[in-house]
Amino acid sequence: MSGREGEGSTTTATVQGRCACSGRGTGCSVSPDGLMELVVRHCSPTLAGLKCGNLFRMCSSAHGIPESVSYLQSRLLDRGVVMRVLETDSGDPLLYVYRPDMLLARLAEPGIVEFLSDAGYDLSSPISLVDQMSGRFLGGVPHEIGIFLGYPLADVEGYIENGGRDCVRLGCWKAYSDPEGAERAFRMIRKCRRVYEGCLSRGTPIEKLAVRTRRQASAASCGSTPTCAQRLSCSPRW
């Protein structure tokens, strides 16, 4: 499902476009600090607890990916954020950054279980959903990836039914329903990226940018000093 997440890129555009590592192709390197910047740039809505997941493409020739991912994962795991490297048919890996609790919560949304079941997913073990999804990238971009990125089901279905054409709004993804709601979501994602990149540039540790839960973020808003997440406002997920 094509789109441009967080003014960066997602899904088809992410997989087929140039890598996010450095934009130089061969010889890319990914340091822990460099990966931290990329995660904040492309995955800030997930860090903020606004979406269940984000992903971005990296170079197969990049150096230091496993070490940098392992280091950053050790800092984010306690905040409920998991990082998963996905192999693709192009050879260039994707980094999927997600919140398992929010992803599993999607199964309670109307139509999600039926949609994934019809797409061939085995839901007898929901915890294996990411494993099942990751294997599909070896055959191309699975359109149901939108479910794993928090896109509305109607937009995922609309993209498939229309072959990616005739969307009602084009932003972080192609929207086929609720254009006003989609526009609000796109604005929130852009704001999220701006706020989080600013916080990181001022030295805020990435652990502080990754909220534990949205309920905790709302409770913390009673404090006198607003955090980066609080500046985004803790409105309900779209």
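Sequential numbering from 1 along the given sequence is applied to the chain's residues.
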- prompt: Salt bridge or not for K191 and E197, using N-O below 4.0 Å?
  reply: no
- prompt: Are R212 and D78 ion-paired here, with the side-chain N under 4.0 Å from a carboxylate O?
  reply: yes
- prompt: What closest approach, in Å, do G80 and P100 show between heavy atoms, and which atom pair accounts for it?
  reply: O-CD, 3.6 Å
message: Donor-acceptor pair, distance only, cut-off 3.5 Å: does the side chain of S128 make one with the backbone of S125?
response: yes
query: Looking only at atom types and distance, does a side-chain atom of N54 sit under 3.5 Å from a main-chain N or O of V97, one as donor and one as acceptor?
result: no
- request: Only counting residues at least two apart or in another chain, list the ones meeting side chain to side chain contact (heavy atoms under 4.5 Å, CB included) with S201.
  value: none
Any residue meeting ring-ring contact (aromatic ring centres under 6.0 Å, His included) with Y121, in chain and number order, not counting sequence neighbours: F148
task: Give the cluster check for V141 versus L138: same hydrophobic cluster or not, with ILVMFWY residues linked at side-chain heavy-atom distances below 4.5 Å.
output: no
- prompt: Which heavy-atom pair separates C52 from R106 by the least distance, and what is that distance?
  reply: SG-CD, 4.0 Å
field: Same apolar cluster (I L V M F W Y, side chains within < 4.5 Å links), L170/V168
entry: no
- request: Decide yes or no for R75 and P205: does some side-chain heavy atom of the first lie under 4.5 Å from some side-chain heavy atom of the second?
  value: yes
statement: d(L149 CG, C43 SG) to nearest 0.5 Å is 9.5 Å
message: Show, in sequence, the C-alpha distance, side-chain angles and deciding distance for V82 and R99, and conclude whether the side-chain contact (heavy atoms from CB on, under 4.5 Å) test is met.
response: CA-CA 6 Å; V82 174; R99 290 181 173 273; over 6 Å; no
CA sep, side-chain torsions, deciding dist, call: L153, E109, side-chain contact (heavy atoms from CB on, under 4.5 Å): CA-CA 9 Å; L153 175 59; E109 297 178 19; over 6 Å; no
message: Determine whether a donor-acceptor pair (N or O, by modelled atom type, separation under 3.5 Å) exists between the side chain of Y159 and the backbone of R165.
response: no
- request: Is it possible for you to say whether I112 and W173 belong to one hydrophobic cluster, with membership spreading through side-chain heavy-atom contacts below 4.5 Å?
  value: yes
- prompt: Is the side chain of S68 donor-acceptor paired with the backbone N or O of V30 at a distance under 3.5 Å, no angle test?
  reply: yes
message: side-chain contact (heavy atoms from CB on, under 4.5 Å) for L116 and L107? Distances and angles first, verdict last.
response: CA-CA 9 Å; L116 290 176; L107 297 180; 4.0 Å; yes
- prompt: Quick one: are F137 and L55 in side-chain contact, heavy atoms under 4.5 Å?
  reply: yes
message: Between Q73 and V81 (side chain of the first, backbone of the second, donor and acceptor by atom type, cut-off under 3.5 Å), is there such a pair?
response: yes
message: In the structure I gave you, are the side-chain heavy atoms of L94 and V85 within less than 4.5 Å of one another anywhere?
response: no
message: What I want to find out is whether D131 reaches R84 closely enough, with some N-O distance under 4.0 Å, to be called a salt bridge.
response: yes
- prompt: Does any N or O in the side chain of D155 come within less than 3.5 Å of the main-chain N or O of S177, such that one atom is a donor and the other an acceptor?
  reply: yes
message: Within the structure provided, determine whether I206 and R79 are in side-chain contact (heavy-atom separation under 4.5 Å).
response: no
message: Going by side chain to side chain contact (heavy atoms under 4.5 Å, CB included), V40 matches just one of L200, T204, L35. Which one?
response: L200
- prompt: Sub-3.5 Å donor-acceptor pair from the side chain of S117 to the main-chain atoms of V113, do we have one?
  reply: no
field: Donor-acceptor under 3.5 Å (K51 side chain, T46 main chain)
entry: no
- prompt: Linking I/L/V/M/F/W/Y whenever any side-chain heavy atoms sit under 4.5 Å apart, do V69 and Y71 land together?
  reply: no
- request: Spell out, as yes or no, whether a donor-acceptor pair under 3.5 Å connects the side chain of D122 to the backbone of S124.
  value: yes
- request: Check for a donor-acceptor pair, side chain of Y96 on one end and backbone N or O of L86 on the other, with a separation under 3.5 Å.
  value: no
query: Do the non-hydrogen side-chain atoms of I147 and V156 ever get within less than 4.5 Å of each other?
result: yes
